[in-house]
Amino acid sequence: MPEFFEEDEEKEEKALPELDADEVVMRMAPYPSGPLHIGNARMILLNDEYVKNYDGKLILFYDDTIGSEEKRLLPEAFDMIKEGLDWLGVDWHETYYKSDRMDTYYEYAEKIIEKEEAYVCECSAERLRDNREKGIECEHREKSVEENLEDWEKMLEGVYEEGEAVLRIKTDMEHPDPAFRDRVLFRISERRHPRVGNEYRVWPLLEFSWAIDDHLLGMTHILRGKDLVIEDRMEEYIWDIFGWDHPEFLHYGMLRLKELSLSKSKFQRMISEGDIEGWNDPRTWSLQALRRRGIKPEALRDFILDFGLSSTDVEVPASKLYAKNREVIDEESNRYFFVPDPVEIELEGEIEMEEARVPRHPDDPDRGDRILKTGENVFIPREEYEEFQDEEIRLKNFCNIRLKDGKGVITGVENKDILKIQWLSEGIDVKVERPDASVEKGLGERNLEETSTGDIIQFERYGFARIEEKDPYYAVFGHR
RNA sequence: GCUCCCGUAGUGUAGUCCGGCCAACCAUCUUGGCCUCUCGAGCCAAAGACACGGGUUCAAAUCCCGUCGGGAGCACCA
């Protein structure tokens, strides 16, 4: 048995900072504007990892409030998110939707008004912003509880149009942090919600809905990106109004992939405008797209957890993910020849063998050889054909040739220390989808027939790919 | 401008809370070498960092102050 099979991959798992708790209840709250992508994976996996480590409870909580014009809900996103979680191997115990809990938010909205801690404000967005900047209290802040309750009712009933009134919390208009001054709790939106339609027109913003739900559902730890730290203080402020205990906050910094520049909402627009085909497109870096490329969930998990819980921002190249993935798939991936952009050349000289034998896996002879027919004509990649004119190269496991004017003059069969390339005398058409979504056509060896859909293989000298379809053959490129 | 967060090798991290065992961990990258009929994998070796300046202390990556740099928030988005 080859020794690399015996290697017990027992990586000392890098410990996340410990939690000071007997019980752990956490929640992951994706906004359903698209499937989960690599950027969301940090939030998801950190939650999952903590809950698993502490044998706690993990809640999937769709943060499906109405969003904004730029950030729209996507009906298909709900299922795509679940699909991504399953693929990642995330175990969650309960599922909730913000859109199911509107009555609860309304109930507490009323309570907070009654406590004189919130008021209905009719300032325009511009005036509100301006006052916030200058620290000026507007006249609506002075209204009585009765007036506020009445106006709140008017918001719910549709007396106000979209944008005409909001419910704001009373903090302090001279609070040193301008971002903290009388934030908006609820606003009016007439947009149609994919799950509850037009049943509600007054929607909470995340600080309020979370302040309520995190308490009601007994969250012990709240993990969020550090871009949301102000929400911590907002939640605490609201909990104090109601006299509730404070769960603990954990933060992680922003994760940026060098290769990924676009946002989910941008992809949503590109997809709806037909610029790209869909969320499977590798350019979206959705979990679905990564799966297609043969990225393994355990590699992604390893990659993400490597960053720990640090609140430092990180920018990493995708090659780091590929390195992790290679660790996982190199062993399982059988090798095959694929000749991209093939050029046919005629061999000149005596062909000594009818077939060539190449191992399925160089490190595991037990998998046997694949057999390749030789012939008077062979196809080689155009790139090498052009680059190595007049030079001697080796058709791997076959013979050495000197390239000259569309011909390959055979110079011997011995294994020399020269460039070795993949070649085929015949084969089947294979298309390979590249990470930039372009499709490369080429010739694949006939032994590909022994593979199954979903197999991850390596095209020698070309890279790892996952067989997505057979007949006709369609593979998705992963990485080198 | 105001508020908050963060600064350890090219990159990502360990160590920072509870100063000494840190002349600083691991991975990746890079460079040599070995191995291999792939530009894959494996093996060996080397190179590479505590942002800066002060202070406290017998002793500071670790504590304090300042400076500089980076990020986030100041949306009726999440």
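Residue numbering restarts at 1 for every chain, and letters A, B, ... go by the order of the sequence lines.
- With respect to A/Ile329, the side chain to side chain contact (heavy atoms under 4.5 Å, CB included) criterion is satisfied by exactly one of A/Arg466, A/Gln458, A/His479: A/His479.
- Distance from the side chain of A/Phe307 is smallest for B/G12 among the nucleotides B/G12, B/U38, B/A75.
- In this structure, A/Leu372 places its CG atom 15 Å from P of B/U38, rounding to the nearest Å.
- A donor-acceptor contact under 3.5 angstrom links the side chains of A/Tyr105 and A/Asp213, judged on distance only.
- A/Ser209 and A/Lys98 share a side-chain donor-acceptor pair at under 3.5 Å.
- Between A/His175 atom NE2 and B/G73 atom C1' the separation is 13 Å, expressed in whole Å.
- Checking B/G53 for Watson-Crick or G-U wobble geometry (two distances, each under 3.5 Å) identifies B/C65 as its partner.
- Rounding to whole angstrom units, CZ of residue A/Arg129 and C1' of B/G1 are separated by 16 Å.
- Side chains of A/Asp151 and A/His140: a donor-acceptor N/O pair is absent below 3.5 angstrom, by distance only.
- Counting only N and O atoms by type, the side chains of A/Glu122 and A/Tyr160 include a donor and acceptor under 3.5 Å apart.
- Side-chain atoms of A/Asp369 do not come within 3.5 Å of backbone N or O of A/Ile371 as any donor-acceptor pair.
- Taking atom P on both B/C44 and B/G7, the two are 33 Å apart, rounded to the nearest angstrom.
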Show each protein N/O and nucleotides 69-72 of chain B N/O combination with a separation under 3.5 Å, one pair to a line.
residue, atom, partner, partner atom, Å
B/G71, O2', A/Asp313, OD2, 2.6

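- B/C65 sits 15 Å from B/C18 when the P atoms are compared, rounded to a whole Å.
- Rounded to whole angstrom, the span from the NZ atom of A/Lys258 across to the C1' atom of B/C29 amounts to 11 Å.
- Distance from the side chain of A/Arg187 is smallest to B/C77 among B/A27, B/G40, B/C77.
- Between the side chain of A/Tyr106 and the backbone N or O of A/Val202 there is at least one donor-acceptor pair closer than 3.5 Å.
- Listed candidates were B/U11, B/U38, B/C76. Nearest to the side chain of A/Val166 is B/C76.
- The distance from atom CD of A/Glu207 to atom C1' of B/G73 is 11 Å, rounded to the nearest whole Å.
- Nearer the 5' end of RNA chain B, as judged by each residue's closest nucleotide, is the contact made by A/Ser311, out of A/Ser311 and A/Glu231.
- Of the candidates B/U38, B/U11, B/C76, the closest approach to any side-chain atom of A/Val316 belongs to B/U11.
- Across all strands shown, A/Cys123 has heavy atoms under 4.0 Å from base atoms, whether or not it also approaches the sugar-phosphate.
- Between A/Phe464 and A/Tyr322, the distance separating the two ring centers is not shorter than 6.0 angstrom.
- Taking atom CZ on A/Phe180 and atom C1' on B/C2, their separation rounds to 15 Å, with Å as the unit.
- Judged by atom type and distance alone, A/Lys71 reaches the base of B/C77 through a side-chain donor-acceptor pair under 3.5 Å.
- For the pair A/Leu205 CG and B/C74 P, the computed distance is 11 Å after rounding to whole Å.
- For A/Asp330, the listed nucleotide lying nearest its side chain is B/G40; candidates were B/C76, B/G73, B/G40.
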